[in-house]
Amino acid sequence: MSELRFDVKDFNPEHIFESGQCFRWTREADQSYTGIASGRIVNLRFEPKSPEGGVIILDNALSTDQAFWFNYFDLGTDYGQIKSRLSGQDKVVAKAIEAGAGMRILRQDPWETLVSFILSANNNIPRIKKCVEALALNFGREAGTYRGRTYHNLPTWEVLADLSEEDLACCRLGYRAKYLIATAKEIRARGIDTLEDCIHGLSGVGPKVANCILLFSLARLHRFPIDVWVRKVMHQLYGFDEKDTKGMTEFADRTFGPYAGVAQQYLFYYMRTMNQ
DNA sequence: TCGCAGGTGGTCG
DNA sequence: CGACCACCTGCG
């Protein structure tokens, strides 16, 4: 284990980790974040060097995982360019970008993302985190120990597919447990490779969850998930009727084009931070 | 007690 | 289609 460093621009851990796209990163007392992704336990701290950039320091990372983390944090994408493009297209988003200037869209593991967002339905972020952790602790393989804490992976679909709702009762997932089991069985039958094709048919995966998976794990940056917060933004700041999902989607496509999903992420974070 | 939380699935018209 | 509405659970 060693330390990995990345010089980056447009990076702010709080904007990235507190924007509801991931559920397994925890803020430490020193403002760093510890998390687990694809079985890798790591602590991230960020040292700003200039107004735009700084250095990411990953503790407990393997040197052979440099490519993994580069991809995970989408470091190959120029968010400065995306931001200036979006800002030029829309005043509201320009404001939201100021508030969340260090936002990035992660490239998470598709299965972990699928599980997390099935659990997100009609749920709140603290409890989604609890559900994910309970699932990992009770049914996932141990991934290792770091700074006195033991971490577990999420269970694979092979494991979940053979569990019953009763088995999962200890995780307090509520009615989402049966979605999870049904989806695990479906993935076992079809395989994860076809996820993008079959995603819409999966149990517990409606349009919102499907868009989240495509955006937060498969880098489909044009996907525009509409949750209660984005709905609130679209209503309050753009004047849409709260129920007009179709109108919001068409507006996002038309206005933000290939980066509608990135715009959504700034708007989501903006709305959440405004409402505190 | 009740509404709400990063919605989905089932049932109607 | 579109409009309802039930739904596990924990919190304020």
Side-chain angles (χ1 to χ4, degrees), chain A residues 14-25 96 99-100 103-106 108 110 112-135 137-138 160 163-187 198-218 220-221 223-237 240-250 252 260-276:
Chain A
E14 187 178 348
H15 296 166
I16 294 167
F17 296 133
E18 310 285 355
S19 63
Q21 59 177 316
C22 54
F23 301 100
R24 302 207 68 188
W25 290 89
M103 179 70 64
R104 274 169 183 272
I105 308 286
L106 298 172
Q108 303 176 79
E112 292 176 7
T113 311
L114 175 57
V115 170
S116 300
F117 281 92
I118 284 176
L119 298 179
S120 78
N122 195 22
N123 209 343
N124 57 62
I125 291 179
R127 210 172 82 82
I128 296 166
K129 289 186 175 182
K130 283 182 187 171
C131 289
V132 172
E133 291 313 315
L135 199 57
L137 181 62
N138 286 289
L160 273 186
L163 294 178
S164 65
E165 287 183 53
E166 204 173 59
D167 294 327
L168 287 173
C170 62
C171 297
R172 318 297 289 165
L173 311 181
Y175 56 84
R176 303 164 196 88
K178 64 173 180 295
Y179 297 159
L180 216 49
I181 294 165
T183 287
K185 288 183 196 294
E186 192 68 22
I187 296 284
C198 73
I199 195 171
H200 294 283
L202 295 172
S203 180
V205 180
K208 191 272 177 183
V209 169
N211 278 335
C212 284
I213 295 159
L214 292 169
L215 178 60
F216 301 135
S217 74
L218 299 174
R220 303 296 184 258
L221 299 187
R223 290 288 180 161
F224 192 79
I226 299 175
D227 63 30
V228 291
W229 292 98
V230 173
R231 200 174 291 283
K232 216 173 280 186
V233 178
M234 299 308 281
H235 173 62
Q236 291 181 14
L237 273 43
F240 279 93
D241 187 299
E242 297 236 35
K243 290 174 292 185
D244 188 12
T245 306
K246 188 160 174 276
M248 296 176 190
T249 304
E250 286 171 359
V262 189
Q264 176 272 163
Q265 200 61 10
Y266 292 119
L267 290 170
F268 176 84
Y269 184 79
Y270 184 49
M271 200 63 193
R272 298 267 326 202
T273 51
M274 277 201 332
N275 273 47
Q276 284 185 9

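Residue numbering restarts at 1 for every chain, and letters A, B, ... go by the order of the sequence lines.
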How is A/Leu202 classified with respect to the nucleic acid when contacts are heavy atoms under 4.0 Å: base, sugar-phosphate, or nothing?
-> sugar-phosphate
In chain order, what residues pass the side-chain hydrogen bond (donor to acceptor under 3.5 Å, both in side chains) check against A/Arg220, with sequence neighbours excluded?
-> A/Glu196
Indicate, with a heavy-atom threshold strictly under 4.0 Å, whether A/Val230 touches base, sugar-phosphate, or nothing.
-> nothing
Sequence neighbours excluded, the answer for side-chain hydrogen bond (donor to acceptor under 3.5 Å, both in side chains) partners of A/Asn138 is none
For A/Glu165, what residues pass the salt bridge (Lys or Arg N to Asp or Glu O under 4.0 Å) criterion, not counting sequence neighbours?
-> none
Qualifying residues under side-chain contact (heavy atoms from CB on, under 4.5 Å), relative to A/Leu237, sequence neighbours excluded | A/Val92, A/Val233, A/Tyr270
Using the C1' atom on both, measure C/dT9 against B/dT1 and round to a whole Å.
-> 16 Å
When we call it a touch if two heavy atoms are under 4.0 Å apart, what does A/Gln265 touch: a base, just sugar-phosphate, or nothing?
-> base
Summarise how protein sits on nucleotides 7-12 of chain C as a single string, 5' to 3': B when a protein heavy atom is under 4.0 Å from the base, S for sugar-phosphate-only contact, - for no contact.
-> BBBBS-
Considering only atom P, compute the distance from B/dG6 to C/dG2 and round it to an integer number of Å.
-> 26 Å
Name all pairs fulfilling the side-chain hydrogen bond (donor to acceptor under 3.5 Å, both in side chains) condition that reach into residues 199-210 of chain A, sequence neighbours left out, sorted by first residue then second.
-> none
Partners passing side-chain hydrogen bond (donor to acceptor under 3.5 Å, both in side chains) against A/Glu18 (at least two apart in sequence or in another chain) = A/Tyr33
P gap between C/dC11 and B/dT8, integer Å | 24 Å
NA contact type, A/Pro126, heavy-atom cut-off 4.0 Å: base, sugar-phosphate, or nothing?
-> nothing
Outermost nucleotides of DNA chain B that come under 4.0 Å of a non-hydrogen atom of chain A | B/dA5 to B/dG9
Which residues share a side-chain hydrogen bond (donor to acceptor under 3.5 Å, both in side chains) with A/Asp227, sequence neighbours left out = none
How is A/Gly204 classified with respect to the nucleic acid when contacts are heavy atoms under 4.0 Å: base, sugar-phosphate, or nothing?
-> sugar-phosphate
Watson-Crick or G-U stems involving DNA chain B, each at least 3 pairs long, distances under 3.5 Å, ordered by first number = B:2-5 with C:9-12, B:7-13 with C:1-7
What pairs with A/Glu133 under side-chain contact (heavy atoms from CB on, under 4.5 Å), at least two apart in sequence or on another chain?
-> A/Arg24
With side-chain hydrogen bond (donor to acceptor under 3.5 Å, both in side chains) as the test, would you mind laying out the steps for A/Arg231 and A/Thr245 before giving the verdict?
-> CA-CA 8 Å; A/Arg231 200 174 291 283; A/Thr245 306; 3.0 Å; yes
Please work out if A/Phe268 contacts a base, only the sugar-phosphate, or nothing of the nucleic acid, heavy-atom cut-off 4.0 Å.
-> base
Sorted by chain and residue number, the salt bridge (Lys or Arg N to Asp or Glu O under 4.0 Å) partners of A/Glu242 (sequence neighbours excluded) come out as none
Could you verify whether a donor N or O on one side chain and an acceptor N or O on the other, from A/Thr113 and A/Gln108, lie under 3.5 Å apart?
-> no
